[in-house]
> 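My structure is below; once you've seen it, I'll send some questions.
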Amino acid sequence: MRVLRILLEKEFRQIFRNPAILRLIFIMPVIQLLVLPLAADYEVKDINIAVVDQDHSSYSRQLTNKISASKYFNLVEYTNSYDEAIRGVEKDEADVVLQIPASFEKDLVKEDKAQLFMALNAINGVKANLGGVYLRSIINDFNGEVRLEWLQLPRFNPQPMIQISSINWFNPLLNYQFFMVPGILVILVTMVGSFLAALNIVKEKEIGTIEQINVTPIRKHQFILGKLIPFWVLGLVVLSIGLLLARVFYGIIPEGSLFTIYIFALVYLLSVLGLGLLISTYTETQQQAMLISFFIIMIFILLGGLYTSIDSMPYWAQIFTKFNPVTYFIEVMRMVVLKGSSLYDIRYHLLIVTGFGIILNGWAVINYKKRS
Amino acid sequence: MESAVKVERVFKNFQSGKTQIEALKDISFEVGRGELFGLIGPDGAGKTTLFRILTTLMIANKGNAWVDDLEVVNDYKEIRKRVGYMPGRFSLYQDLTVEENLSFFATLFGTTLEENYELVKDIYVQIEPFKKRRAGALSGGMKQKLALSCALIHRPSVLFLDEPTTGVDAVSRQEFWELLRKLQLQGITIIVSTPYMDEASLCDRVALMQDGRIMDIDTPKGITQKFSKPLWAVGAADMYSLMNDLRSDERVDTCYPFGQYHHITFAEVNQEIQGIEKSLVDKGHTNLSIQKIEPTIEDCFMELMNQ
């Protein structure tokens, strides 16, 4: 115990003497949590639209007004030349072009149907997709209004109408930040756990201090515990800072209990630290360790369900996410924070992440050698 | 067994890409208890590899070794409690203070600075004024002393010092060797490696190493006595052309530059020096000085290398 205590004492001393690590631990979460959720927003607003009006009728103007009145669209061009509008797309000034052909009003009145043409700039796929959907719904709406204007209301609705109204559970206002902040917090904790732990051990190798440690009678488990515990604690500190910031700045108060979050975080950190430890046993320099952890964490994050929904991934990628600890923590965070899930609800997550922890740490311990 | 360290036919290979590097080839030697033993050889001779095997950091491909009568592979746990190792590169925590480093390593060995203060006293008093300073901010000589204190903190029975004086100034080097002598008086066996030939004479016995082999093991005196030929030191105003002239002279066997003189031996043992001197004067060398000298370890090393 005395040995472990002096190891921990030494580790914390070194951490607190390293301004770079302190900054990483205390400032990074603040900046990431304050900037990222505001910036990484999926909601698409401000779609620039160019309307090519070749009809110049009252209906075409009515439609144009309806579009520009919507908060999703900015009317950037109103012209009668399609070429000119497309040039706007080429210059990236417009995202969507709506062409209203010359006979629009005539066809609509006479033949009871008319055609419109829509061109989308698909360089930004999400924007094009959503822009198209919004525009279609505005046009549908317009269609309904026009018909209402014409028809002498019959006694019965000639077509059966189904109206759909929806309610968003757990996040009624679809507040994007409620969804992102817990996920970003997970990434922060993951990075502190894996990067810092891996770098710390490899640093001892690189500087040569591990040589001096290895000739002492210190036991393998003492050394490894001496390395894991400090970053375990730091991970929890980062998590606490993050939860506090989420509460203060975003008003996110977990529906579920903090106890559940911390229990899961304790186990989760252990498996992430195991990953860091494992990386450190396979690398010789901090640069190697950095690059490898960067690569792995990048994949974990991109396939972790934070930025893209796992349900929309191809099947093989969904299988992969089952082996990604980040996925489980992001899910658990969202479940507990938004839905108020209890320990019982996340029992499988807990079990699987415990498994990861055992496998990764076990592998690392076996691979860690005091001599070559 | 009266030996503190015993090495028997040790081989060690490294795989470097597709080529095998033989770092140690058939190394055998013994070091007696309380001896100050020197491993002398240039960089790449295999000194550090040998140390790493003896301090249980590395396992030899072939052969056996014992430290304090303990086998290095099987009894490594016990050996780690008994040996002190100071690696060639400064391997203490640069971001911890002198005091923290010492108490850290003392605790790892289950002891305290106070317990073995007697042993490290001579060294510690020199670094004590800087005990609140971080190790990284110490001068080279101070770093060495701190590293030595840390290696001694648990009163090891065998102390391994890998090139402790490399990169240390002349005064500190001398001080360092005096410290080693004092430690020896306390009954600690010391094995020290160095690339400096002049330090060999400060050891009780030395092993001359080159290319993974031990060329000779003897007392420094014994080694110099084995030098078979008369040795002459030759100096002149233009040392470079002097060397070229000497080397092209077929009566001269070897000629190596040593500081301000060239050390030469002759092909014939009974070669008269006057003949050489005359031909050098004829070639226009001025300020010529020739004198017979006693061979140093370095001369012996050069001779052994050529065999």
Side-chain angles (χ1 to χ4, degrees), chain A residues 1-25 196 199-227 229-231 234 281-282 284-286 367-372, chain B residues 12 14-15 48-49 51-61 67 72-73 75-97 99-112 134-136 146-147 150-151 153-154 156 158-160 162:
Chain A
M1 272 329 271
R2 230 179 110 218
V3 171
L4 187 58
R5 218 186 62 206
I6 190 101
L7 278 169
L8 292 178
E9 216 179 291
K10 167 220 149 216
E11 215 56 63
F12 276 113
R13 271 209 181 104
Q14 287 184 303
I15 289 168
F16 284 110
R17 279 180 195 170
N18 188 339
I21 291 190
L22 280 185
R23 257 176 247 146
L24 198 69
I25 292 168
L196 290 186
L199 287 184
N200 183 284
I201 300 171
V202 174
K203 185 178 163 202
E204 296 233 6
K205 275 193 195 174
E206 203 174 70
I207 297 181
T209 45
I210 202 149
E211 192 104 307
Q212 199 86 64
I213 293 276
N214 282 348
V215 291
T216 67
I218 181 175
R219 304 290 302 276
K220 196 155 128 177
H221 72 265
Q222 291 171 327
F223 180 76
I224 289 175
L225 279 179
K227 286 291 177 197
I229 294 173
F231 294 101
L234 285 183
T281 62
Y282 279 105
E284 293 302 320
T285 63
Q286 294 189 70
N367 202 44
Y368 171 78
K369 290 187 190 76
K370 272 182 88 178
R371 49 182 178 173
S372 48
Chain B
K12 178 74 192 179
F14 291 112
Q15 196 74 34
T48 301
T49 307
F51 273 177
R52 291 173 58 87
I53 288 172
L54 290 174
T55 50
T56 75
L57 290 174
M58 202 180 259
I59 297 173
N61 293 103
V67 175
V72 288
V73 180
D75 300 325
Y76 70 95
K77 278 187 187 156
E78 191 55 34
I79 290 181
R80 284 180 185 163
K81 289 182 194 159
R82 297 200 197 174
V83 302
Y85 175 42
M86 179 174 152
R89 193 156 61 126
F90 183 69
S91 304
L92 300 177
Y93 292 98
Q94 312 246 7
D95 44 1
L96 295 185
T97 64
E99 214 176 14
E100 285 161 357
N101 265 302
L102 274 169
S103 70
F104 176 67
F105 283 102
T107 313
L108 290 193
F109 282 105
T111 176
T112 56
R134 293 191 190 172
L146 174 59
C150 283
I153 197 90
H154 57 298
V158 185
L159 184 60
F160 292 95
D162 192 6

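Residue numbering restarts at 1 for every chain, and letters A, B, ... go by the order of the sequence lines. The basis for the numbers below is simple: all heavy atoms, side chains too, and nothing from hydrogens, waters or symmetry mates.
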> Given side-chain contact (heavy atoms from CB on, under 4.5 Å), test B:Leu108 with A:Phe223 step by step and report yes or no.
CA-CA 10 Å; B:Leu108 290 193; A:Phe223 180 76; over 6 Å; no
> Using the ring pair (Phe, Tyr, Trp, His ring centres under 6.0 Å) criterion, which residues pair with B:Tyr85? Sequence neighbours excluded.
none
> Side chain, backbone, both or neither: which part of A:Leu7 has a non-hydrogen atom closer than 4.5 Å to chain B?
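The answer is both parts of A:Leu7.
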> Does a side-chain heavy-atom distance below 4.5 Å link A:Pro217 with B:Lys77?
no
> Which distance, rounded to the nearest 0.5 Å, do you find between the CZ of B:Phe104 and the CD1 of A:Ile6?
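It comes to 7.0 Å.
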> Is any NZ, NE, NH1 or NH2 atom of the basic residue among B:Glu100 and A:Lys10 found under 4.0 Å from an Asp or Glu carboxylate oxygen of the other?
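No, no charged N to carboxylate O under 4.0 Å.
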> Mark yes or no for whether B:Arg80, through its side chain, and A:Asn214, through its backbone, hold a donor-acceptor pair below 3.5 Å.
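Such a contact is found between B:Arg80 side chain and A:Asn214 backbone.
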> Strictly below 4.0 Å, N to O, side chains only: are B:Arg89 and A:Glu211 in salt-bridge contact?
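The answer is no: the pair does not qualify as a salt bridge.
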> Using non-hydrogen atoms only, which part of B:Phe105 is less than 4.5 Å away from chain A: side chain, backbone, both, or neither?
side chain
> Between A:Ile207, A:Val3, A:Asn18, which shows the greatest number of heavy-atom pairs under 4.5 Å with chain B?
A:Ile207
> Could you check whether atom CZ of A:Arg17 has more than 12 heavy atoms from other residues, nucleotides or ligands sitting under 6.0 Å from it?
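Yes.
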> Please report the closest heavy-atom contact between A:Gln14 and B:Leu96, naming both atoms and the distance.
CG-CD2, 3.9 Å
> Anything in residues 199-206 of chain A with a heavy-atom distance to chain B below 4.5 Å? Please list those residues in order.
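Hits under 4.5 Å: A:Lys203, A:Glu204, A:Lys205, A:Glu206.
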> Taking atom OG1 of B:Thr107 and atom CG of A:Leu4, what is their separation to the nearest 0.5 Å?
12.0 Å
> Report the distance from atom CZ of A:Arg13 to atom CG of B:Asp95, rounding to the nearest 0.5 Å.
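Reported value, rounded in 0.5 Å steps: 11.0 Å.
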> Can you tell if the side chain of B:Tyr76 reaches within under 4.5 Å of the side chain of A:Val215, non-hydrogen atoms only?
no
